[in-house]
Amino acid sequence: MTVPRHHGAVPTGLSRRSVLTAAGLTAAGVAFQGSPGAASAAAATAPAIFYSPHQDDEAIGLAGSILEHKAAGRPVYLVLVSKGENGGIVQYLNRTPCVLGDRCSAPGHRHELGWQEAWPTPEVVSARTSEFSLSAKALGVDKVINFKLSDTAYGTESEYDAFVRQIMGKVRGLVRQYPGASHKFTAGWLDTTDPKQPTNATHKACSDAAYWLMKNGELKDVRFNHIYTYEAFGRDQRDRGADYVLNIPSSHMAKKRAAILAYNTWDPSRNLYTTGYHSVSTMLEEAYNDPREFVYALPSTYKPGRGK
Ligand SMILES: [Zn+2]
Ligand SMILES: [Zn+2]
């Protein structure tokens, strides 16, 4: 089954997998709350704030958790952390034939868009953000917040550190603005498709920011969803080490699939160019077909820094 193109009907009849694991313990030995929506009454109306490092991460690995929190009566805010500058995606979309072959949703699988490939890749930032907005709408989030941070995570070591500090500053602002909020990041220390490769630097910078704020005592009630697991592991391995596996109800899965579809919709009149699908087609496909999300507490062995 593949992610439908254009406005194709969403297939039904997906086989559901059984529950693979129950809530475990965090590395710190604190009981992990399997249903974060069932928080204290004081926090009941405080928002759950989800941080998507790039346009697409929310659809791939946060959507089910977003919907879980909404169903529990929590306001949900969705943050886009980086602008998502990406010359690689532009190269794909500037060239024909497409690397995706007949899986490409462009008419005739052809696209020679002539977009700027050099930093800061304005057209792809704009198109990716249009997909993100459509995804956020499909998920029904209460507020979208765009940090608009230039993604310097792949620059020099000091540019990486500066990026982490910028994220910290923005998150700190939300902590002060929304007391009692819970904060949901991506599990940057896990987000790679090859165990021998360093992690996705943008994702790692986001979890580093959470790490430092937690260490300072500024941030509490933090969880991390593993995004790259859908590509890095086969189905029976994806739950390994997770503190909580969310089994997404089918009504929520329909919305998650609609969010994923935003990243495979070709409609230039709406500034939609399937940039997500030209970036991470495998992850979108796998997440589309796996009604689970994988939630972690910060491990006690966590090491900040981009790594080599
Ligand atoms: Zn990402
Ligand atoms: Zn294409």
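All values below were derived from every heavy atom in this structure, side-chain atoms included, with hydrogens, water molecules and symmetry-related copies excluded. Position 1 is the first residue of the sequence, and the numbers go up from there. For ligands, and for the atoms within them, numbers begin at 1 and follow the listed sequence.
Nearest heavy-atom pair, Y92 versus H278, reported as atom, atom and distance to 0.1 Å: CD1-O, 3.1 Å.
Among D267, T265, N271, the single residue meeting the side-chain hydrogen bond (donor to acceptor under 3.5 Å, both in side chains) criterion with S130 is N271. For the pairing with F224, the ring-ring contact (aromatic ring centres under 6.0 Å, His included) check across W189, Y51, Y296 returns one residue only, W189.
The Zn ion (ligand 1) lies under 2.8 Å from an N, O or S atom belonging to D57. Residue H109: no N/O/S atom is found under 2.8 Å from the Zn ion (ligand 2).
Within H111, NE2 is the N, O or S atom that lies nearest to the Zn ion (ligand 2). The minimum distance between the Zn ion (ligand 1) and any N, O or S atom of H54 involves atom ND1. Minimum-distance N/O/S atom of H278 relative to the Zn ion (ligand 2): NE2.
The existence of a salt bridge linking R165 and D161 is excluded, since no basic side-chain nitrogen approaches an acidic carboxylate oxygen closer than 4.0 Å.
The shortest distance between side-chain heavy atoms of H183 and D221 does not fall below 4.5 Å.
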